[in-house]
Amino acid sequence: GESVGLHLPTLSVQEGDNSIINCAYSNSASDYFIWYKQESGKGPQFIIDIRSNMDKRQGQRVTVLLNKTVKHLSLQIAATQPGDSAVYFCAENIPGNQFYFGTGTSLTVIP
Amino acid sequence: DTEVTQTPKHLVMGMTNKKSLKCEQHMGHRAMYWYKQKAKKPPELMFVYSYEKLSINESVPSRFSPECPNSSLLNLHLHALQPEDSALYLCASSLTEGEKLFFGSGTQLSVL
């Protein structure tokens, strides 16, 4: 399953499928990006980060892709599990500035 | 210890009350933040402290007053709040400004 962030803020996937969550960032000067997962009633939890000198970074079951040409970031979750159900935010950082968060995508995993 | 601890978890207050939110971290981080989050919205930055000095105030009304007593503690003093101030208040810390943020679980605030 795949979301396009602002235009599709919810994403439903079957357990075991791969998920792709997208984020369009706003500032071409942004050089550091983070994906956060937020479960209901909790604070955002760090998932994975990437700096602008890279275009791909992998973690455990997660991959972040960065396309600076079109200012696009994506989070891929492999073999999605019910525990992955949450809201996912991308955050961008401009040098000398703070982190600003995208609108978020709500992921629901169907058992 | 990789936690940011916030107290209380829930708070209900009237518009004439004075209350404080507390945040603590023991990771040696020198930047601490307050964010406000409305339901189904992203966190919005309110204040940043860097090396215990107020670095950024994102035009927050004066009824919110931050305080950083030392490098491990961050408070948010609340006075004469409005019902529209009801939200989840998140504290975060990072090694220095611009590094990845570690968030607490937040204080769910309701203003009646």
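Because the structure is predicted, anything quoted here is derived from the model rather than measured. Residue numbers start from 1 in every chain, and the chains themselves are labelled A, B, ... in the order their sequence lines are given, proteins ahead of strands.
B:F103 and B:Y35 have their aromatic ring centers within a separation under 6.0 angstrom.
Here the CE-CG distance, from B:M13 to B:L78, works out to 5.0 Å after rounding to the nearest 0.5 Å.
Checking B:E3, B:Q25, B:E99 one by one against B:S93, the side-chain contact (heavy atoms from CB on, under 4.5 Å) holds for a single residue, B:Q25. The side-chain contact (heavy atoms from CB on, under 4.5 Å) with B:E24 is formed by just one residue from the set B:L73, B:N75, B:L74, B:T7; it is B:L73.
Only the side chain of B:E58 comes within contact range of chain A, with at least one heavy atom under 4.5 Å from a heavy atom of that chain.
Residues B:C68 and B:E52 have side chains in contact (heavy-atom distance under 4.5 Å, counting atoms from C-beta outward). Side-chain atoms of B:V4 and B:C23, non-hydrogen and from C-beta on, do get closer than 4.5 Å to each other.
Crowding of B:K38 atom NZ: a count of heavy atoms from other residues, nucleotides or ligands under 6.0 Å exceeding 12.
Contact tally against chain A (heavy-atom pairs below 4.5 Å) for B:A31, B:G98, B:G106: the top residue is B:G98. By number of non-hydrogen pairs under 4.5 angstrom with chain A, the leading residue of B:Q37, B:Q108, B:E97, B:K41 is B:Q37.
Annotation: residues 26-63 of chain A contacts chain B through A:Y32, A:I34, A:Y36, A:Q38, A:G41, A:K42, A:G43, A:P44, A:F46, A:D49, A:R51 [non-hydrogen atoms, separation under 4.5 Å]. Listed in order of number, the residues of residues 68-90 of chain A that approach chain B to under 4.5 Å between heavy atoms are A:F89.
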Going through the checks in order, is the side-chain hydrogen bond (donor to acceptor under 3.5 Å, both in side chains) test met by B:S94 and B:H29? CA-CA 5 Å; B:S94 63; B:H29 289 177; 5.9 Å; no
